[in-house]
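In the text below, chain A, chain B and the rest are named by the order of the sequence lines, each starting its count at 1.
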Number of protein chains: 2
Amino acid sequence: MTSEKLDRRKRYTRMVLKKSFMQLLKEKALSSITVKEICEIADVNRSTFYAHYTDQYALLKQIEDELIEDMKSYLSTANLQKEDEAVHMAQKLLEYFSTKQDECQTLLNETGDSSFERKVMVVAQNIIMKNWMDVYDFDNDISNYLSTFIVSGSVQVIKMWMANGMTQPPKEMAILINDLVNKGLYHVRKG
Amino acid sequence: MTSEKLDRRKRYTRMVLKKSFMQLLKEKALSSITVKEICEIADVNRSTFYAHYTDQYALLKQIEDELIEDMKSYLSTANLQKEDEAVHMAQKLLEYFSTKQDECQTLLNETGDSSFERKVMVVAQNIIMKNWMDVYDFDNDISNYLSTFIVSGSVQVIKMWMANGMTQPPKEMAILINDLVNKGLYHVRKG
DNA sequence: AACACAGTGTTGTTTACTCAACAGTCAGTT
DNA sequence: AACTGACTGTTGAGTAAACAACACTGTGTT
């Protein structure tokens, strides 16, 4: 944890740079975004950008990582108990996406290397592994393929959900996704 | 015209201070607004405030003066021709208020010394004097009282209009105000 | 009257940002 | 192949803002 309390000016500079970058990312492809553009929108001198980040990609990485960290800490507030942990965690995750819809959607739809999507999948995968290991019964070889399959499917459903304006409430979607997963896992269920 | 192009940092600092002050002015009385509060909302060090303004009142004065200047330059774009200059100018003025409703309304409703209202009245009075002098016939003694009467009445109507959400379009209001004025001037009309 | 408390102006030092200038790379002209 | 134009990454000097500390005033409390 690098929790040194930042100077107001640093805080502000980084905030506007992120904001301006996200705005551009909504409008155009990552590869076509220049440092110069970011600085013009942010109204920050270009040399200042380089005092904080090496390039656009480093900035993107930091935005993604911070969002993932924020997501994790949001998820950790869930009190996971007994049964229904699965649905509950899924709901929490969906709730998080709905609170940060704008950012999440932009980053998930980013056409480049899909790094954010992969980061989200890691988080989701860890949740699955932690909470479902004792419910389902399979060896580790299979479990990796299976959880990947489940997570990637779920993430795509979530993307659709956001693209359609998140009509259904998080809870309903959580149940829906859980059902999809359970159907997929029907044959490997324990007991 | 002190049109030195300001350093980005100065521009930003003054912008946020003004913004934060206007926010406070919407919420509470001028006399209860402290420099400390302004700086906290603006996220600016208090010593920085004093590098730009001597106190809250100086800041308010500058906000008002800048808005008045902006208003004047907006009005000067009107091409005042022949007859109907009166209605046309009134319309321009109302258009301006509608574009800056938020600021204008806040400043006009400010319970303190009504300095903004007086500044607006001076502008309006000058317009009247310039454009109506040849239409109406009265000596200067009377004209001062009369134009003051007209302007103050008009400003109050404009305040009502804004308070009621500016339901009528500027043009309609301009005609309405013009009618009110003409009724008041009926007896001193020329020819 | 002594007290705490909150805002005021002001100061000196440190830090972050601006700005202008630079040489460098790369894609598209002509 | 030279030329243009746009973005890059870096530098150094100058300026603005942050921060922490100060003594001061006023206001209310006990």
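The backbone N or O of A:T34 lies less than 3.5 Å from a partner atom in the side chain of A:E37, making a donor-acceptor pair.
A residue-by-residue look at B:Y50 and B:R8 shows that B:Y50 has its nearest nucleotide of DNA chain C further toward the 5' end. Both B:S47 and B:K36 sit near DNA chain C, but only B:K36 has its closest nucleotide nearer the 5' end.
Spacing between atom CZ of A:F49 and atom C1' of C:dC19 amounts to 18 Å, rounded to whole angstrom units. Rounded to a whole Å, the NE2 atom of A:H52 is 15 Å from the P atom of D:dT10. Residue B:K10 contributes atom NZ, which lies 10 Å from atom P of D:dT15 at whole-angstrom precision. Whole-Å rounding puts the B:N45 CG to D:dA16 C1' distance at 12 Å. Note: CZ (A:R46) to P (C:dC19) measures 13 Å, nearest angstrom.
At the heavy-atom level, A:R9 lies under 4.0 Å from base atoms of the strands shown. Backbone-only contact: A:D7 has heavy atoms under 4.0 Å from sugar-phosphate atoms and none from a base. Residue-level contact check: A:T48 touches the bases, meaning some heavy atom is under 4.0 Å from a base atom.
None of A:K26, A:K159, A:M162 except one satisfies the side chain to side chain contact (heavy atoms under 4.5 Å, CB included) rule with A:N109; the exception is A:K159.
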